[in-house]
Each structure stands twice: as structure tokens, then as C-alpha cells.
Number of protein chains: 2
Amino acid sequence: MRIGELAERTGVDVETVRYYEKLLLLPPPAREANGYRTYGKTHLERLAFVRHCRALDMPLADVTRLLNFVDQPASDCADINVLVDAQISRVKARLKSMRALEKQLTALRRQCSSPHPTQDCGILHELVSAAHGEACACHAGHSTISPDTVAELL
Amino acid sequence: MRIGELAERTGVDVETVRYYEKLLLLPPPAREANGYRTYGKTHLERLAFVRHCRALDMPLADVTRLLNFVDQPASDCADINVLVDAQISRVKARLKSMRALEKQLTALRRQCSSPHPTQDCGILHELVSAAHGEACACHAGHSTISPDTVAELL
DNA sequence: CTTGACTCTGTAGCGACTACAGGGTTTCTA
DNA sequence: TAGAAACCCTGTAGTCGCTACAGAGTCAAG
């Protein structure tokens, strides 16, 4: 099959397929006489594997490492667990800071309901007050928002 | 104050300060005879404002727009609400997909507890099975993980 | 025989930084 | 007072995972 069909069957953009090939995530395909790429079943599977990992938000570098494991069935899989665990803790950390973020934003949003002139806008006042080092509604509660959490967001 | 002090007092990297200046988020500072940047209180406040917005994960383009509001106190603030609401819905959407992601990853992780040879690793089996279009533990439950959610992650 | 869809290579852009390279200046210490 | 460390300057390139071209060639249908 050609690149367009491969792309469609995996739900991947054509450009992305070529991009993966450049990063060696996909082995170089055979070429037709006119230079068009030709793919087989193995490419289809490998690409689906990559997309599945990406759906789990794994970095492509990790996917590369996983593909190495796939290619070496006799090796020990302990490092796979390490890799997945790292991914899980990344996601957990991000989730924690996102939850804090949501609280901060909704607290901020409450500062202004109806349209005012900008100079009276509670939201802008809150944001500006931070510039003066004052307390602000969105970053007030230390129980919910630790400095670490904020640092994580940056 | 010089750039190093400004950076330290706001918790921003020196390079980031120069970067913000290039993007016109900070007005060009005065220069000493030797070319060193000199900052005053207004820069400090503006930079703190920017960082506060960034801590709320707002894109710099939105921060620019907010700064325009700050500079025009008489304008109407309705657009500020629109901007904050958009940010809130972005965060909510991301949060939703992150929660699904966490479930998927922990389901995946359960497939392998102790070290095996790679060919017997449950995790890798799960990931490979996706390549065959089969059901997999991590992306099984349609009640928790909609195609939309997965698409969001990509 | 033309139109449109597909393919090719190569490069540049996104966002928000971060990390140099290769210089000059200031400040601290011995 | 010399030299080292720490600061500052400009400019460019790298990060991540794509995405979007530009400019060209190829192919199938009407």
C-alpha cells in the first residue's frame, strides 16, 4: 500500500508518517519505480503501535525504546515497567497541577461577572495585584495551591 | 536594577526576560552607558503580571491582550471574561483527557508486575495488540474513554 | 488532454522557552 | 593591583511533535 492508504488506515497524517520515518520510528519502506513509498503489514502494525503509545502521551523517545524491546523479545522487561511508571508519575503530577489551575481560574473568574470599564474589572485587578506582590483570589489558598504546584506549571 | 536582579526578584530566568522583551511583552528598558539594561518598578510589576498569567497557563498571546487592557483602563472588560472563560474551558478539556489517560496507563501497568522476558511482558503485549486492532486493557472501557478523548490527546 | 488527486523532497513555522557561542564589563578576592 | 568569577551583551540554534507550505513529479478518470 502507498503512504496515503497507510495514513488513512491508521488515522495518521501523511506528513506525520514521513516524519516518523525520518526519526527512524518506521523502517524505510520499499519504493516503487517512481519513488513512491510502499508499505506492508509490518509497517501498519508498527505505526499503530506508535500511535497507541502516543495516545498514552508517551514521548517519541520512549516509543523508540519500546520498539527496541519489541525487536528483542528475549530481553528483560523490567525497564518497560520503569518507563511506564515514569509516564504515570508525569501524568499524575500534571493532573495535580491542572486541578489546582482549574480552581485558580474559576476563583479568578468569579471576580468579574458583568461588563465594567476595564479599570473596575475584578479579574484585571486580581492579576495586577499579583504584580504588587499582594494576595489575590486565584493564588490565595495555600492549602490548595503550593508554590511547588505553581512552579510545576511553569 | 539590572536584568539579573529583576530576574531573581520575579523568579524568571534572565534569558526569559530578554525573550519577553523581544516579544514586546516588556517595554524596552533604559540602557546604562555600557549597554546593560536598567529596569524600574513598572517593569517589575509588568513582569510579575506576565508570570502570574503564565502560572494560570495562559498563552503569551492572551497575556499580550490582557496587557493592552491594562494600558487602556477605560475600555470595556467583556473581552477579558471571554478570554478567561476560554482558558477555563481549555483547562477543563485537558483535565478530562488527562484523567482518562491516567486510567489507561494504570490499567496498562497492571498487565505486568514482576520482570519477565520481554516476549511475555503483559504491557508490551497490550501495546502490540493495539497494532493488530484487538481490544486492549488500557483502551478497553468505552464508558471512560471516548474516541474524542483520545483524539484530544493527539 | 486536462483536471484533480496523489506523491516526492526540503524547509520553515508553531509555543515558550532553553542553551549555547563568543564576546565585553564589573566585582570580588588574594 | 592582578586575576578570577560573576555578570552582561547579541545572535543563533535546539527542544517536542507535529503541521504547513513550496515547488516539483506522477497517475487515473472524464
Side-chain angles (χ1 to χ4, degrees), chain A residues 1-26 28-39 43 47 50-67 86-87 90-91 94 97 101 150-154, chain B residues 1-26 28-39 43 47 50-67 86-87 90-91 94 97 101 150-154:
Chain A
M1 97 198 80
R2 307 225 267 229
I3 198 168
E5 190 185 343
L6 179 70
E8 195 177 5
R9 284 172 67 172
T10 49
V12 176
D13 196 287
V14 167
E15 317 253 24
T16 305
V17 176
R18 286 196 280 254
Y19 172 70
Y20 285 169
E21 181 185 333
K22 202 164 59 187
L23 296 193
L24 307 177
L25 282 160
L26 290 177
R31 298 285 183 145
E32 294 176 22
N34 54 18
Y36 287 16
R37 291 172 176 81
T38 312
Y39 296 96
H43 288 100
L47 183 52
V50 173
R51 293 313 281 185
H52 195 70
C53 293
R54 290 292 303 130
L56 296 169
D57 217 19
M58 289 185 195
L60 290 180
D62 282 12
V63 179
T64 304
R65 293 176 58 200
L66 284 176
L67 284 169
Q87 176 64 7
R90 270 198 300 271
V91 169
R94 183 84 184 129
S97 64
L101 186 52
V150 173
E152 259 172 45
L153 291 170
L154 299 178
Chain B
M1 95 198 82
R2 307 226 266 231
I3 198 169
E5 189 185 342
L6 179 71
E8 196 176 6
R9 284 172 68 173
T10 48
V12 176
D13 197 286
V14 167
E15 316 254 25
T16 305
V17 176
R18 287 196 280 251
Y19 172 70
Y20 285 169
E21 181 184 332
K22 202 164 58 186
L23 296 194
L24 306 177
L25 281 159
L26 290 176
R31 298 285 185 147
E32 295 175 22
N34 55 19
Y36 286 17
R37 288 171 178 81
T38 311
Y39 295 96
H43 288 98
L47 184 51
V50 172
R51 291 314 279 184
H52 195 70
C53 293
R54 289 292 302 129
L56 296 169
D57 217 17
M58 288 183 194
L60 290 180
D62 282 12
V63 179
T64 304
R65 293 176 57 200
L66 284 176
L67 284 168
Q87 175 66 4
R90 270 198 299 273
V91 168
R94 182 85 185 129
S97 65
L101 185 52
V150 174
E152 261 175 42
L153 291 169
L154 300 178

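This is a predicted model, so every value here is computed, not measured. All values below were derived from every heavy atom in this structure, side-chain atoms included, with hydrogens, water molecules and symmetry-related copies excluded. We name chains A, B, ... by the order of the sequence lines, and we start the count at 1 in each one.
- With the nearest nucleotide of DNA chain C identified for both G4(A) and Y36(B), G4(A) has the one nearer the 5' end.
- Taking side-chain N and O atoms only, N34(A) has a distance below 4.0 Å to OP1 or OP2 of dC27(D).
- Phosphate proximity of dT26(D) to R37(A): absent, as no side-chain N or O sits under 4.0 Å from OP1 or OP2.
- Using a 4.0 Å cut-off between a side-chain N of Lys or Arg and a carboxylate O of Asp or Glu, R90(A) and D62(A) qualify as a salt bridge.
- In the displayed structure, E8(B) atom CD is contacted under 6.0 Å by at most 12 heavy atoms of other residues, nucleotides or ligands.
- Counting heavy atoms from C-beta on, the side chains of D13(A) and Y19(A) never come closer than 4.5 Å.
- Separating the CG atom of D57(B) from the P atom of dA16(C) is a distance of 9 Å, rounded to the nearest angstrom.
- Distance, R18(A) CZ to dT11(C) C1': 13 Å, rounded to whole Å.
- Residue L60(B) contributes atom CG, which lies 4 Å from atom P of dA16(C) at whole-angstrom precision.
- The distance between atom CD of E32(A) and atom C1' of dT26(D), rounded to the nearest whole Å, is 10 Å.
- Atom pair E21(B):CD and dT10(D):C1' shows a separation of 12 Å (rounding to whole Å applied).
- Shortest non-hydrogen contact noted between Y39(B) and V17(B) is OH-CG1, 3.6 Å.
- Contact annotation: T16(A) reaches the phosphate of dT19(D) (side-chain N/O to OP1 or OP2, under 4.0 Å).
- Along DNA chain D, the nucleotide nearest to K22(B) and the one nearest to E5(B) differ in position, and the one closer to the 5' end is contacted by E5(B).
- Here I3(B) lies in heavy-atom contact (under 4.0 Å) with sugar-phosphate atoms only.
- For R2(B), counting side-chain heavy atoms from C-beta on, the closest listed nucleotide (dC8(D), dA16(C), dC18(D)) is dC8(D).
- Distances shorter than 4.0 Å separate some side-chain N or O of R54(A) from OP1 or OP2 on dC18(D).
- Separating the CZ atom of R90(B) from the P atom of dG15(C) is a distance of 12 Å, rounded to the nearest angstrom.
- Nearest heavy-atom pair, R31(A) versus T38(A), reported as atom, atom and distance to 0.1 Å: C-OG1, 4.2 Å.
- Regarding contacts with the backbone of dA16(C), every side-chain N or O of Y20(B) stays at 4.0 angstrom or more from both OP1 and OP2.
- Computed from coordinates, the L26(A) CG to dG17(D) P distance equals 15 Å when rounded to whole Å.
- Taking atom CD of residue E15(B) and atom P of nucleotide dC8(D), one finds them 11 Å apart after rounding to whole Å.
- Residue R31(A) has no polar side-chain atom (N or O) positioned under 4.0 Å from OP1 or OP2 of dT26(D).
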